[in-house]
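Positions are given from 1 along the sequence. Since the structure is predicted, the reported quantities are computational estimates derived from the model, not experimental observations.
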Amino acid sequence: MKNKFNFLVGGLLTTLIFMGCQEETPVAEIVRPVKALKVADVGTFENATFNGIAKATQEVDLSFRVDGPMISRPVNVGDEVKESQLLARIDPRDYEVRLRSAQGQLTKARAVLTRAQADLDRVLRIQKEDPGAVSETMIDKARQSKDSAQAEINSLAAAVDRAKDDLQYTYLKAPFGGIITQTYREAFENVRRKQPVVRLLDPSQIEMWINVPESQISLAPY
């Protein structure tokens, strides 16, 4: 029995020693792909020439937002102008008259509202002091007159704002600094809204548009 036990122990030790002496199984190395970019030879483009154009990033035709006779255009082609500088002016007299008329109507409407409010306050006060002295119909009528006057004021106030805007639109000013490259209308001509008057270019920022052959685009060093 003892010999059998020694035999089993010896076999087990031999197996463990054999397993310990075995080399570890190598792990397969993972190959990760890497993007590559072919860099073109600078010499390919050293003497190359391409057609292109230079274009300003800001170039616009300017026009009025109202109609009328243009009484002034103090700029000409080639003039350098600053932002907000006056470029042209429409005769403002008609628009000044419209503004004064709208303001006058608004003043009258405010007076009507004052009277209507006073009438409403009076009948409400009488009703409070003597409930049977005034009817609900009289109160409703006074309230409707007041509301109508308020609505008229709101409408006329909007008309005044429009008249102010139209008067301001008789000025044509430069939205940015630049150079006048073209004029379309002369002083004392009748102009219509959105009709071009001058063309303004900003030379401070220029874009280059170059025509590169399709066969050479892939070779460009970018």
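- Hydrophobic clustering, with ILVMFWY side chains joined whenever heavy atoms are under 4.5 angstrom apart, groups V197 together with L62.
- For S63, there are no side-chain hydrogen bond (donor to acceptor under 3.5 Å, both in side chains) partners at least two apart in sequence or on another chain.
- Other residues sharing a hydrophobic cluster with L124 under the 4.5 Å side-chain heavy-atom criterion for ILVMFWY residues are L120, V123, I126, V134, M138, I139.
- Residues T170 and F64 share a closest heavy-atom pair of O-CE2, 3.4 Å.
- Side chains of V60 and F176 form a contact here, defined as non-hydrogen atoms less than 4.5 Å apart.
- For D91, the salt bridge (charged side-chain N to carboxylate O under 4.0 Å, His left out) partners two or more places apart in sequence, or in a different chain, are R93.
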Under 3.5 Å, side-chain donor or acceptor atoms of residues 67-74 against the rest of the protein: list the pairs with distances, not counting sequence neighbours.
residue: D67; atom: OD1; partner: R193; partner atom: N; Å: 2.6
residue: R73; atom: NE; partner: V75; partner atom: O; Å: 3.0
residue: R73; atom: NH1; partner: R185; partner atom: O; Å: 2.8
residue: R73; atom: NH1; partner: E186; partner atom: OE1; Å: 3.3
residue: R73; atom: NH1; partner: E186; partner atom: OE2; Å: 3.4
residue: R73; atom: NH2; partner: V75; partner atom: O; Å: 3.2
residue: R73; atom: NH2; partner: N76; partner atom: OD1; Å: 2.8

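- The closest side-chain heavy-atom distance from E129 to R125 is below 4.5 Å.
- Environment of CD in E80: sparse, with no more than 12 heavy atoms of neighbouring residues, nucleotides or ligands closer than 6.0 Å.
- Considering CZ of R65 and CG of D166, their distance stands at 9.0 Å, rounded to 0.5 Å.
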Name every donor-acceptor pair, under 3.5 Å, that has one atom in a side chain of residues 145-153 and the other anywhere in the protein, sequence neighbours excluded.
residue: S145; atom: OG; partner: K141; partner atom: O; Å: 3.1
residue: Q150; atom: NE2; partner: N154; partner atom: OD1; Å: 3.2

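- The CZ atom of R89 sits 9.0 Å away from the NZ atom of K173 when rounded to the nearest 0.5 Å.
- Checked against salt bridge (charged side-chain N to carboxylate O under 4.0 Å, His left out), D61 has the following partners two or more places apart in sequence or in another chain: R199.
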Checklist entry - Between I179 and V81, is a side-chain contact (heavy atoms from CB on, under 4.5 Å) present by the stated rule, with each step listed? => result CA-CA 6 Å; I179 297 175; V81 299; over 6 Å; no
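- Under a 4.5 Å side-chain heavy-atom cut-off, the cluster of Ile, Leu, Val, Met, Phe, Trp and Tyr residues that includes Y171 is completed by L86.
- Contacts of Q195 classified as side-chain hydrogen bond (donor to acceptor under 3.5 Å, both in side chains), with partners at least two apart in sequence or in another chain: none.
- Counting all heavy atoms, side chain and backbone alike, E96 lies closest to L167 at CG-CD1, 3.6 Å.
- Every side chain to side chain contact (heavy atoms under 4.5 Å, CB included) that A163 has, sequence neighbours left out, goes to L99.
- Residue pairs that meet the side-chain hydrogen bond (donor to acceptor under 3.5 Å, both in side chains) test with at least one member in residues 106-119, sequence neighbours left out, are Q117-D121.
- L201 and L172 are members of different hydrophobic clusters when ILVMFWY side chains are connected at heavy-atom separations under 4.5 Å.
- Residues meeting the side chain to side chain contact (heavy atoms under 4.5 Å, CB included) test with Q144, sequence neighbours left out: none.
- In this structure R98 satisfies the side chain to side chain contact (heavy atoms under 4.5 Å, CB included) test together with Y95, sequence neighbours excluded.
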